[in-house]
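Report on the following structure.
In this text the structure is predicted, and so the values were computed from the model without any measurement.
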Amino acid sequence: MSKPTLNEWNGIKENTPFESKYFLDVDMGLNTTQDIQQACHTSALGSITVLDRLTGYEGYIRDVETGFRDLHGEFWLASGNFNILEKGCKTFGEAIELIKKNANNCVGIEHDEKFPIQRAKKAEERVKELEARIKELEEENQNLKI
């Protein structure tokens, strides 16, 4: 496996063995000395992050959450002391599927059937974008004919 360039691993695929050595510590900035984040950014699959943080929930309790963002920007977040590094996954593909299965806060487009209103809003926004692009292309086409 090549060393990460700009903290992004090349060569990690779904069947790559899932190992903590691919996760790098993230500098969280000021006032976060109690929070610990590790991330694995891949060029072929997306990014997996594990965050151990102090929450404001129920009198400031600690929580560990694992997130996965795919290459299309869809994001899944499994919280409630869900640390993918401790789940015994054999491959990156297995880890990603487990994160998606346990996502209880943010869920990517594959899980939108749970949220039909959000899915419908996304579809409406996409239709508007496509209609605007079609209009632009039609205008360009008219200009080319002149």
Can you find a pair of side-chain heavy atoms, one from [X] and one from [Y], that are under 4.5 Å apart?
X: Asp63; Y: Asn81; result: yes
X: Glu139; Y: Gln142; result: no
X: Thr16; Y: Thr91; result: no
X: Leu24; Y: Cys40; result: no
X: Ser47; Y: Thr42; result: no

query = Should the pair Arg53-Glu65 be classified as a salt bridge under the 4.0 Å nitrogen-to-oxygen rule?
reply = yes
I'd like to check the side-chain hydrogen bond (donor to acceptor under 3.5 Å, both in side chains) partners of [X]; sequence neighbours left out, ordered by chain and number.
X: Asn104; result: Ser79
X: Glu129; result: Arg126
X: Ser43; result: Asn10

Mind checking salt bridge (charged side-chain N to carboxylate O under 4.0 Å, His left out) for [X] and listing every partner two or more places apart, or none if nothing turns up?
X: Glu138; result: none
X: Asp52; result: Arg62
X: Glu136; result: Arg133
X: Lys21; result: Glu19

Residue list, ring pair (Phe, Tyr, Trp, His ring centres under 6.0 Å) with Phe18, at least two apart or on another chain =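 In terms of ring pair (Phe, Tyr, Trp, His ring centres under 6.0 Å), with neighbours along the sequence ignored, Phe18 is linked to Phe23, Phe92.
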inquiry  = Holding to ring pair (Phe, Tyr, Trp, His ring centres under 6.0 Å), I want the full list of residues that pass it with Phe68, two or more places apart in sequence or in another chain.
reply    =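 Here the qualifying residues are Trp76.
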Got a second to check how far [X]'s [atom1] is from [Y]'s [atom2], nearest 0.5 Å?
X: Tyr22; Y: Gln38; atom1: OH; atom2: CD; value: 15.0 Å
X: Lys100; Y: Glu97; atom1: NZ; atom2: CD; value: 5.0 Å
X: Arg69; Y: His41; atom1: CZ; atom2: NE2; value: 10.5 Å
X: Ile48; Y: Ile99; atom1: CD1; atom2: CD1; value: 4.5 Å

query = When you measure from the side chain of Glu94 to the backbone N and O of Lys90, does any donor-acceptor pair fall under 3.5 Å?
reply =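 Indeed, once roles are kept as given, a pair shorter than 3.5 Å links the two residues.
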Restricting to side-chain contact (heavy atoms from CB on, under 4.5 Å), what partner residues turn up for [X], sequence neighbours left out?
X: Asn83; value: Val50, Val64, Leu85, Glu86
X: Glu14; value: Leu45
X: Thr49; value: Gln37, Ala39

query = Which atoms form the tightest heavy-atom contact between Cys89 and Ala95, and what is the distance?
reply =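 Reported closest heavy-atom pair: SG-CA, 3.6 Å.
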request  = Heavy atoms only: give me the nearest Leu98-Ile84 pair and the separation to one decimal.
outcome  =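 Result for this residue pair: CD2-CD1, 3.9 Å.
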